[in-house]
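Here's the structure we're looking at; comments come further down.
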2 protein chains.
Amino acid sequence: MISHTEEDYLKALFRLVSGKQGKQEAGTNALADLLSLKPASVNNMLKKLRKKELIDYEKYGKISFTDKGRQIALLVVRKHRLWETFLVDKLGFSWDRVHDIAEQLEHIRSDELVEKLDWFLGHPEYDPHGDPIPRSDGSTPTTPSAVLSSMQKGDVCKVMMVKDTSAAFLQYLERLSIHVGTCVSVMDKVSFDNSLVIEVDGKHHTVSQKVADNLYVSYC
Amino acid sequence: MISHTEEDYLKALFRLVSGKQGKQEAGTNALADLLSLKPASVNNMLKKLRKKELIDYEKYGKISFTDKGRQIALLVVRKHRLWETFLVDKLGFSWDRVHDIAEQLEHIRSDELVEKLDWFLGHPEYDPHGDPIPRSDGSTPTTPSAVLSSMQKGDVCKVMMVKDTSAAFLQYLERLSIHVGTCVSVMDKVSFDNSLVIEVDGKHHTVSQKVADNLYVSYC
DNA sequence: AAGTATTGTTAGATATATCTAACTTTTATA
DNA sequence: TATAAAAGTTAGATATATCTAACAATACTT
């Protein structure tokens, strides 16, 4: 049986080892930072997770998943993202309010619940933030790699997919000359509201996080 | 902040003090039985709940709620029953599978979630088992008193309300001559599947628990 | 390559929530 | 009413998950 706490560690590890840089390992301090805990606490838990064969790790070495551990982490992420989708699509929450609630809901234990929820939501592939929802078989929807909103200042990327396909949004993109295949450079990122200053075809535009959330991109 | 565990104790206390006999107090052993814990553990927790002013109780005395404690218990029950309603009405769970999942969901902390869920479900007054869902102001829908399925062998009661109003169910009741106001005597209760042998207008019928769940009755 | 900074580990303390075993009080009954 | 049964309490142990403070190993930097 995996405790809520253990699941939190596995999810955090997942965030670290699934980073854009393709790292397959992480360290004690990084985990502690992500979980807002002290390294000593993390170290304790690492021993426990290793004993349960959920992670590979040796003293002073780096941390990585076992297959079993990754499977559990993927399920937690799946549940988190399905619940976020539920909160936004069905209950009418705004996308910025759902995280804390989904953090709680992701620990509800019931395979049947997860599958029924998935069905109820229409088997969504991406959550309201544009993150891919891992499937029950452990696979992940092929993602063009990232959403524009996850890019950092200086990144250059290509638009691969538009999430919101409403007429209003597509018309807006048209005005900025953004299409699938368009190259976008991130000139600046405003930390206050996560809006981005981008360059497209030599012209600068400011786009909101909401807009950037709806644009899937890959590095180029 | 109230822990999940504390909520479990308050909910169990609620079940004891809101029993049909109208008791307003309960004992250590009764709580321990209900929670499948040892009396010593309960005693420990009682001290804590008293210190938090959630219950009234003195050494060797009986246990009862403070207003604050009752309010929390009611909220937990409200959440439990709303989630059960969600699981059955929206996700298509059968009524007998939802309890364990609702036991987990009832601890999710978010006032906004509860109110949005209530709205999403259409402000239901009764859960799939026919139990009244406490309202956010702490009031409880007036209940005809009980569902037929909660009656015991020898009880005599009057049908006050039909929960499932589908044509199929109403036609079924018609065949048994059961209407609102009909007097029903419970001749026997089959523990295997909780079906009831009832007498209506001098005739004996066997009704399933599902049927009995859908008939609200009051003692006569 | 030496010294320093970063990273990671250990030991021991704390808080929660449980248990067992022994004990005390209250209640029921002979 | 004396005694036995039931109900309730206490003390001390265990497990989980956290912390602080001190220590050890690795990595960076000059």
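Naming convention: chains lettered A, B, ... in sequence-line order (proteins, then strands); numbering from 1 in each chain.
Within the structure, every side-chain polar atom (N or O) of A/Tyr60 is placed at least 4.0 Å from both OP1 and OP2 of C/dT6. Dashed line: the shortest gap from a side-chain N or O of B/Asn43 to OP1 or OP2 of D/dG8 is not under 4.0 Å. In terms of phosphate contacts, B/Tyr9 brings no side-chain nitrogen or oxygen within less than 4.0 Å of OP1 or OP2 of C/dT16. In this structure, A/Lys38 does not reach the C/dG8 phosphate: none of its side-chain N or O atoms is under 4.0 Å from OP1 or OP2. For the OP1/OP2 pair of D/dA7 and a distance below 4.0 Å, the side-chain nitrogens and oxygens of B/Lys62 include no atom meeting the criterion. In this model, the phosphate group of C/dT10 is approached by a side-chain N or O of A/Lys59 to a distance below 4.0 Å at OP1 or OP2.
When the C1' atom of D/dT26 is taken as reference, atom CD of A/Glu58 falls 15 Å away, rounded to whole Å. Per the geometry, CG belonging to B/Leu31 stands 12 Å off P belonging to C/dT18, to the nearest Å. Atom CG of B/Asn44 and atom P of D/dA13 are 15 Å apart (whole Å). Spacing between atom CG of A/Asn29 and atom P of D/dA25 amounts to 17 Å, rounded to whole angstrom units. D/dA7 atom P lies 13 Å from atom CD1 of B/Ile63, rounded to whole Å. The nearest whole Å value for the distance from the CG atom in B/Asp33 to the C1' atom in D/dG8 is 13 Å. The CE atom of A/Met45 sits 17 Å away from the C1' atom of C/dT9 (whole-angstrom rounding). Distance A/Leu37 CG to C/dG8 C1': 15 Å, rounded to the nearest Å.
Counting only heavy atoms from C-beta on, A/Ser41 has its side chain closest to D/dT18 among C/dT18, D/dG8, D/dT18. Minimum atom distance to the side chain of A/Thr28 is reached by C/dG8, of the listed C/dT18, D/dT10, C/dG8.
B/Asp8 and B/Glu106 get closest at one heavy-atom pair: OD1-OE2, 3.8 Å. Taking each heavy atom of B/Ser64 and B/Leu13 in turn, the nearest pair found is C-CD2, 4.4 Å. Minimum interatomic distance between B/Pro39 and B/Thr28 (heavy atoms only, all atoms of both residues): O-CG2, 3.6 Å.
Nearest-nucleotide mapping onto DNA chain D: of B/Gly61 and A/Pro39, the residue sitting toward the 5' end is B/Gly61. Between A/Ala40 and A/His4, the residue anchored closer to the 5' end of DNA chain D is A/His4, taking for each the nucleotide with the nearest heavy atom.
Relative orientation of the B/Trp83 and A/Trp83 rings is perpendicular, given thresholds of 30° and 60° on the angle between their planes. Using bins of under 30°, 30° to 60° and over 60° for the plane-to-plane angle, the ring pair A/Phe120/B/Phe86 lands in the perpendicular bin.
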